[in-house]
Amino acid sequence: QVQLVENGGGLVQAGGSLRLSCATSERIFRRYVMGWFRQAPGKEREFVAAINWSGDSTYYADSVKGRFTISRDTAKNTLYLQMNNLKPEDTAVYYCAGGAEWVGPDAMFRYWGQGTQVTVSP
């Protein structure tokens with residue numbers, strides 16, 4: 001069974017920063033596109049960012065572009081999402097995803113983490 005384990009969520013004030021991490025197996029991490037999604041209460045899950053296996057291709061949702069950075073550490077098989085200048089509207093459960101074949105918001109991700117809560121206070 002594929003596991004993606006997220007860490008790093010929490011409560012932060014607007015303008016603050018958080019870094020999410022997602023650890024998974026080498027088989028998943030080194031072969032597929034990885035990404036982050038989020039789901040706010042009462043809303044559908046939405047794409048946040050994605051990165052290819054080598055780390056040289058990324059894609060961001062317009063709402064986070066310039067504030068969030070997706071990256072990956074191949075030695076640790078770990079995906080990261082650095083979130084700066086956080087806003088209350090960034091409050092959501094953030095999900096790590098893997099197993100996609102291309103970088104983009106419409107890619108099919110086959111593997112999902114359990115989610116980690118990010119709450120941004122005004």
Side-chain angles (χ1 to χ4, degrees):
Q1 184 176 355
V2 175
Q3 282 193 314
L4 286 79
V5 181
E6 300 118 330
N7 280 292
L11 173 65
V12 64
Q13 288 188 328
S17 298
L18 282 174
R19 188 176 79 157
L20 307 182
S21 65
C22 172
T24 188
S25 68
E26 179 177 345
R27 179 178 71 85
I28 298 301
F29 191 78
R30 300 195 183 198
R31 177 177 175 182
Y32 295 108
V33 169
M34 301 286 295
W36 290 96
F37 288 74
R38 66 186 182 185
Q39 186 168 20
K43 295 186 177 181
E44 292 187 354
R45 185 172 63 194
E46 64 174 358
F47 170 84
V48 175
I51 187 168
N52 70 339
W53 70 271
S54 62
D56 60 1
S57 178
T58 58
Y59 192 101
Y60 294 93
D62 287 342
S63 58
V64 306
K65 202 172 295 183
R67 299 188 297 122
F68 290 11
T69 302
I70 189 171
S71 63
R72 57 195 300 162
D73 185 331
T74 302
K76 297 181 179 179
N77 296 326
T78 300
L79 179 73
Y80 299 100
L81 185 68
Q82 178 66 43
M83 305 184 293
N84 298 328
N85 190 21
L86 282 160
K87 305 175 181 180
E89 51 264 43
D90 294 317
T91 294
V93 176
Y94 283 71
Y95 296 92
C96 172
E101 298 288 348
W102 67 86
V103 177
D106 58 344
M108 296 294 293
F109 287 84
R110 287 180 280 176
Y111 311 114
W112 295 86
Q114 80 285 356
T116 185
Q117 178 70 45
V118 171
T119 302
V120 184
S121 62

Report the distance from atom CE of Met108 to atom CG of Asp106, rounding to the nearest 0.5 Å. 10.0 Å

Using modelled atom types and a 3.5 Å cut-off, is there a donor and acceptor pairing between side-chain atoms of Glu6 and backbone atoms of Cys96? yes

Just verifying a value: how many Å separate Ile70 CD1 and Leu79 CG, rounded to the nearest 0.5 Å? 4.5 Å

Backbone N or O of Gly55 within a donor-acceptor pair of the Arg72 side chain at under 3.5 Å? no

Residues, nucleotides or ligands: over 12 heavy atoms within 6.0 Å of Gln13 CD: no

Please output the side-chain donor-acceptor pairs of residues 14-22 that fall under 3.5 Å, not counting sequence neighbours, one pair per line with the distance.
{"unit_1": "Ser17", "atom_1": "OG", "unit_2": "Asn84", "atom_2": "OD1", "d": "2.9"}

Is it true that a side-chain atom of Thr91 and a backbone atom of Val120 form a donor plus acceptor pair closer than 3.5 Å? yes

According to a 4.5 Å side-chain heavy-atom criterion applied to Ile, Leu, Val, Met, Phe, Trp and Tyr, with indirect links allowed, do Phe109 and Tyr95 form part of one hydrophobic cluster? yes

At their closest point, which heavy atom of Gln117 faces which heavy atom of Val93, and how far apart are they? OE1-CG2, 3.2 Å

Give me the one residue out of Val64, Ile51, Leu81 that meets side chain to side chain contact (heavy atoms under 4.5 Å, CB included) with Trp36. Leu81

Please name all residues satisfying side-chain hydrogen bond (donor to acceptor under 3.5 Å, both in side chains) with Arg31, sequence neighbours left out, ordered by chain then number. none

Write down the atom of Phe29, the atom of Asp73, and the distance for their closest heavy-atom approach. CE2-O, 3.5 Å

Taking only residues at least two apart or on different chains, which pairs with a member in residues 49-83 satisfy ring pair (Phe, Tyr, Trp, His ring centres under 6.0 Å)? Phe47-Tyr59

For Asp56, side chain to side chain contact (heavy atoms under 4.5 Å, CB included) partners two or more places apart: Asn52, Ser54

Euclidean distance, Leu4 CG relative to Met34 CE, rounded to 0.5 Å: 5.0 Å

List in chain and number order the residues that pass ring-ring contact (aromatic ring centres under 6.0 Å, His included) with Trp112, two or more places apart in sequence or in another chain; answer none if no residue qualifies. Phe37

Salt bridge present between Lys87 and Asp90 (N-O < 4.0 angstrom): no

For Glu46, what residues pass the side chain to side chain contact (heavy atoms under 4.5 Å, CB included) criterion, not counting sequence neighbours? Arg38

